[in-house]
Amino acid sequence: MQLYNTLERATVPFVPGNPDRVTIYLCGPTVQAEPHLGHGRSAVAFDVLRRYLEWVGHEVEFVRNVTDIDDKIIARASELRMTTEEVANEAAAAFTDAYDRLGNLRPTIEPKATEHVDEMVAAIETLIDLGHAYESQGDVYFSVRSFPDYGKLSRHNIADLRAGERAEHDDRKRDVLDFALWKSAKPGEPSWPSPWGEGRPGWHIECSVMARMYLGDGFDIHGGGTDLIFPHHENEIAQSEAATGKPFARFWMHNGMLNLSGEKMAKSTGHVVTLLGALDQWDAVAVRLFYLRTHYRKPLDYSRAALEDAEASLERLRSFRRRVPGSVEVSPRADVIERFKAAMDDDLDGAAALAVLFETVREGNSALDTGSDVSSLVAAFDEMMGVLGLTAPATLEADDGAVAALAATYGIVEGDVDDLLELRDRARQSKEWETADAIRDALIELHITIEDTADGARWHRH
RNA sequence: GGCGACGUGGCCGAGUGGCUAGGCAAGGGUCUGCAAAACCCUGAACCCGGGUUCGAUUCCCGGCGUCGCCUCCA
């Protein structure tokens with residue numbers, strides 16, 4: 001298997017340090033507000049990585065942190081007159097809900113920053129002892145020039161960074177590029193005790209500490225969005241490797257941004273489509289398919305049309321599977337699985353993997369039309385759908401109220417879709433096509449599609 | 001200004017130095033109640049200008065354009 005390693009700027013063979021336990025750390029969200037579609041993309045990209053690794057036989061330790069203390073959470077809490085804990089818990093619950101609905105497996109460990117402050121303080125002390133950090137007016141900063149490799153991930157060099165520095169000069173820092181490991185607390189802010197007074201950890205040290213604590217030094221894969229390469233991941237490397245002298249993570253994987261009207265979706269600008277909102281509007285599996293259609297490293301543009309396209313594609317997959325009800329017990333067709341693996345082994349080429357899936361559907365449909373055995377194709381289909389996390393049934397519920405209202409117009413009290421289908425069936429039998437078609441068309445308006453088959457009418461939410 | 005990514009048919013989107021991506025939409029057909037849904041089939045592309053090559057959408061150089069990072073951010 002080959003993966004693109006940002007550290008090398010190349011796609012290179014991926015061999016786990018320990019094949020029995022592949023270790024992945026993914027930068028999770030800062031829980032200040034509810035998730036948007038971009039967060040979902042990152043979560044899905046790495047969920048597919050994890051599922052694929054497990055499918056090919058690895059055990060995977062998958063850590064995704066929750067940053068539940070930072071300046072923005074504090075600002076939001078004071079704005080809403082809530083505690084930072086309340087803000088964080090509420091947002092974290094929204095993330096969990098949205099990620100579950102997307103069909104992501106839960107991380108094996110989901111550490112919270114606030115539960116690891118002691119370890120962070122210890123790590124900062126180590127950095128001070130080693131001369132890589134210094135205290136200044138209750139803050140502690142990492143000294144960038146003390147780490148010669150600084151810039152190796154983002155391919156920046158210190159001189160260029162200084163030249164392009166836009167941040168205002170802060171006289172507590174010895175160098176504009178130095179970044180905070182510890183921030184002193186202002187009155188009323190949540191804080192933890194430390195040798196430098198009451199305060200809170202800086203964002204970057206949180207990830208360094210939690211990653212090393214759960215996965216050890218030199219773990220396999222560190223992931224996140226491309227927007228985190230600099231400074232966040234660069235700083236994580238600096239802190240960790242300065243402290244230990246050992247490599248921090250072996251592979252760095254970064255997912256591309258989700259764009260809205262050609263521009264990056266970002267909380268800070270309010271330029272967002274919320275994830276939960278999208279999941280109320282579209283089938284969760286369609287949203288997932290929308291992500292997977294584009295290679296994970298490329299930018300992906302959100303649009304209504306793109307989601308509708310994904311929805312239609314998903315329907316093709318589902319209707320194929322509906323033709324062969326139940327589970328299949330035979331082994332999957334080997335050539336299909338081989339092609340699927342080839343696509344996934346090539347830096348998780350989801351789009352190419354989907355092509356294999358759709359080709360399988362076409363071949364399967366043709367075989368069904370001629371009455372050939374399709375069980376090994378269906379088995380392969382199920383395997384691939386499982387690895388991609390697309391097997392969930394339709395997630396959007398029929399609107400019971402609207403259906404009942406429709407039924408009422410035909411004199412049915414508290415009717416459901418099945419009642420309407422029964423009515424339509426009777427109309428069809430007596431060749432009252434207008435009535436039958438009116439019911440069908442009205443149901444389509446309610447996102448319910450009817451399929452007339454030899455065994456009678458079936459319906460599904462679309 | 002520095003670093004980086006990308007520009008493929010109507011739309012989305014893989015990939016390759018010469019040989020079919022795939023999806024959506026469109027057109028044709030099968031089935032059917034003339035339908036709907038479903039299924040099958042079909043076509044069309046590689047930003048511009050040079051260069052390397054027997055041959056480039058694919059490699060190299062230049063241009064134009066879009067986007068990301070350089071500040072919090074998945």
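Naming convention: chains lettered A, B, ... in sequence-line order (proteins, then strands); numbering from 1 in each chain.
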Practice item. Whole angstrom is fine here: how far is it from CG in A:L7 over to P in B:C3? Key: 19 Å
Point to revise | Rounded C1' spacing from B:C31 to B:A38 in Å | key: 9 Å
Exercise for review: Report the nucleotide, chosen from B:A14, B:C67, B:G22, that has the shortest atom-to-atom distance to any side-chain atom of A:H295.
Suggested key: B:A14
Review point. Do A:H460 and A:E315 have side-chain atoms, one donor and one acceptor, less than 3.5 Å apart?
Key: yes
**Study point:** Nearest to side-chain heavy atoms of A:R293, which nucleotide of B:C67, B:C12, B:G22
**Key:** B:C12
Point to revise | Which nucleotide in B:A74, B:G13, B:C72 has an atom nearest any side-chain atom of A:D70 | key: B:C72
**Study point:** Residue A:D309, side-chain heavy atoms: nucleotide from B:C24, B:A74, B:C3 that is nearest
**Key:** B:C24
Review point. Considering only side-chain heavy atoms of A:H36, which listed nucleotide, B:G68, B:G22, B:A74, is closest?
Key: B:A74
**Study point:** Nearest-Å distance once atom C1' is located in both B:C72 and B:A25
**Key:** 41 Å
**Study point:** Which nucleotide in B:C72, B:A14, B:A74 has an atom nearest any side-chain atom of A:H204
**Key:** B:C72
Exercise for review: Could you check how far CG of A:D301 sits from P of B:C6, rounded to whole Å?
Suggested key: 16 Å
Revision key, fill the gap. From NE2 of A:H254 across to C1' of B:C3 the rounded distance in Å is 15 Å
**Study point:** Heavy-atom donor-acceptor pair, A:R9 side-chain to B:G4 base, under 3.5 Å
**Key:** no
Check your understanding: What is the ring orientation for A:H254 with A:H233, classed by angle as parallel under 30°, tilted 30 to 60°, or perpendicular over 60°?
Key -> tilted
**Study point:** B:G15 and B:U57, which share atom name C1', separated by this distance in whole Å
**Key:** 11 Å
Check your understanding: Do A:H156 and B:G2 have a side chain to base donor-acceptor pair shorter than 3.5 Å?
Key -> yes
Review point. Is a donor-acceptor pair below 3.5 Å formed from side chain A:D437 to base B:G33, judging by atom type as modelled?
Key: yes
Exercise for review: State the pairing partner of B:U53; accept Watson-Crick or G-U wobble contacts with both distances under 3.5 Å, and report none otherwise.
Suggested key: none
Review point. Out of B:C69, B:A74, B:G13, which nucleotide sits closest to the side chain of A:F230?
Key: B:C69
Practice item. Identify whether the distance between the nearest side-chain nitrogen and carboxylate oxygen of A:R101 and A:D280 falls below 4.0 Å. Key: yes
Practice item. Just name whichever nucleotide pairs with B:C64, Watson-Crick or G-U, keeping both distances under 3.5 Å, else none. Key: B:G7
**Study point:** A:K264, nearest nucleotide to its side chain (from B:C69, B:C24, B:A74)
**Key:** B:C69
Check your understanding: Would A:F320 and A:F381 count as a close aromatic pair, with their ring centres under 6.0 Å?
Key -> yes
Practice item. Pick the C1' atom in B:C46 and in B:U16, then give their distance to the nearest Å. Key: 11 Å
**Study point:** Under 3.5 Å: donor-acceptor pair, side chain of A:K72, backbone of A:Q32
**Key:** no
Practice item. In whole angstrom, give me the gap between the P atoms of B:C48 and B:G4. Key: 26 Å
Restricting to nitrogen or oxygen on both sides, can you table the protein-nucleotides 38-40 of chain B pairs closer than 3.5 Å?
{"from": "B:C39", "atom 1": "O3'", "to": "A:N365", "atom 2": "ND2", "distance (Å)": "3.3"}
{"from": "B:C39", "atom 1": "O2'", "to": "A:D369", "atom 2": "OD2", "distance (Å)": "2.4"}
{"from": "B:C40", "atom 1": "OP1", "to": "A:R362", "atom 2": "O", "distance (Å)": "3.4"}
{"from": "B:C40", "atom 1": "OP2", "to": "A:R316", "atom 2": "NH1", "distance (Å)": "3.1"}

Review point. Across all strands shown, which nucleotide pairs with B:A14 by Watson-Crick or G-U wobble geometry, both distances under 3.5 Å?
Key: none
Point to revise | Euclidean distance for P, B:C59 against B:C6 (whole angstrom) | key: 10 Å
Exercise for review: Under 4.0 Å between any heavy atoms, over every strand shown, what does A:S154 touch: base, sugar-phosphate, or nothing? Just pick one.
Suggested key: sugar-phosphate
Check your understanding: Given the C1' atoms of B:G9 and B:G62, what is the spacing between them in whole Å?
Key -> 27 Å
Check your understanding: Of the nucleotides B:A21, B:G15, B:A74, which has the atom closest to the A:M265 side chain?
Key -> B:A74
Check your understanding: Counting only Watson-Crick or G-U wobble pairs whose two distances fall under 3.5 Å, which nucleotide matches B:C69?
Key -> B:G2
Review point. Do A:K72 and B:C72 have a side chain to base donor-acceptor pair shorter than 3.5 Å?
Key: yes
